[in-house]
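Notes follow once the structure below has been shown.
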Amino acid sequence: MVVLRWKDVDLNAGTAGMHWQITQLGWEPVQGRPKTEAGDRTIALDEDTITALRAHRRRTEKTLTRTVSERYKSRGRDRW
């Protein structure tokens with residue numbers, strides 16, 4: 001399975017780097033580099049994918065911000 005990380009995605013350039021994979025060793029998942037150079041690559045993203053990833057990133061950031069804020073407030077703190 002290929003792992004896509006936000007730091008490997010450049011939405012302005014329209015590219016995504018495929019530089020990591022998860023393999024199964026026994027019962028344990030292990031993250032590492034692809035076995036071959038062909039597996040380590042950068043791909044071009046089309047406009048629909050870029051639009052979808054931007055929307056997904058916004059939703060993810062809002063959820064993360066809300067979750068962190070709720071946890072912070074639950075500890076009796078009203079502001080950052």
Side-chain angles (χ1 to χ4, degrees):
M1 172 187 341
V2 175
V3 178
L4 181 60
R5 299 175 177 180
W6 280 118
K7 69 180 183 176
D8 296 325
V9 176
D10 185 341
L11 296 176
N12 293 325
T15 61
M18 305 297 169
H19 307 298
W20 296 94
Q21 68 178 13
I22 296 176
T23 55
Q24 192 81 23
L25 290 178
W27 293 102
E28 295 294 319
V30 177
Q31 182 174 292
R33 294 276 189 190
K35 293 180 195 174
T36 65
E37 286 185 30
D40 188 354
R41 61 189 174 277
T42 300
I43 61 169
L45 303 173
D46 62 45
E47 287 300 320
D48 290 339
T49 303
I50 293 169
T51 300
L53 285 172
R54 281 194 171 123
H56 177 65
R57 189 173 216 169
R58 280 192 301 272
R59 286 189 307 272
T60 302
E61 288 172 350
K62 284 181 185 179
T63 300
L64 179 61
T65 301
R66 186 174 56 241
T67 302
V68 169
S69 178
E70 288 169 0
R71 286 183 182 175
Y72 195 79
K73 287 179 182 179
S74 73
R75 293 185 177 141
R77 299 175 181 101
D78 293 338
R79 57 191 166 99
W80 297 96

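Keep in mind that what you see is a predicted model, and the values were worked out from it rather than measured.
- Residue Leu4 comes nearest to Ala16 through the heavy atom pair CD1-CB, 4.0 Å, listed as atom of the first residue, atom of the second, then distance.
- Arg33 meets the side-chain hydrogen bond (donor to acceptor under 3.5 Å, both in side chains) test with no other residue; sequence neighbours excluded.
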Got a list of side-chain donor-acceptor pairs under 3.5 Å for residues 25-32, not counting sequence neighbours?
none

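- With sequence neighbours excluded, no residue satisfies salt bridge (charged side-chain N to carboxylate O under 4.0 Å, His left out) with Arg54.
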Could you tabulate the donor-acceptor pairs under 3.5 Å formed by side-chain atoms of residues 41-53, not counting sequence neighbours?
{"unit_1": "Arg41", "atom_1": "NH1", "unit_2": "Ala38", "atom_2": "O", "d": "2.8"}
{"unit_1": "Arg41", "atom_1": "NH1", "unit_2": "Gly39", "atom_2": "O", "d": "3.3"}
{"unit_1": "Asp46", "atom_1": "OD1", "unit_2": "Asp48", "atom_2": "N", "d": "3.1"}
{"unit_1": "Asp46", "atom_1": "OD1", "unit_2": "Thr49", "atom_2": "N", "d": "2.7"}
{"unit_1": "Asp46", "atom_1": "OD1", "unit_2": "Thr49", "atom_2": "OG1", "d": "2.9"}
{"unit_1": "Thr51", "atom_1": "OG1", "unit_2": "Glu47", "atom_2": "O", "d": "2.9"}

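- Rounding to the nearest 0.5 angstrom, the gap separating the CZ atom in Arg57 from the NZ atom in Lys62 is 14.5 Å.
- Qualifying side-chain hydrogen bond (donor to acceptor under 3.5 Å, both in side chains) partners for Asp10, counting only residues two or more places apart in sequence or in other chains: none.
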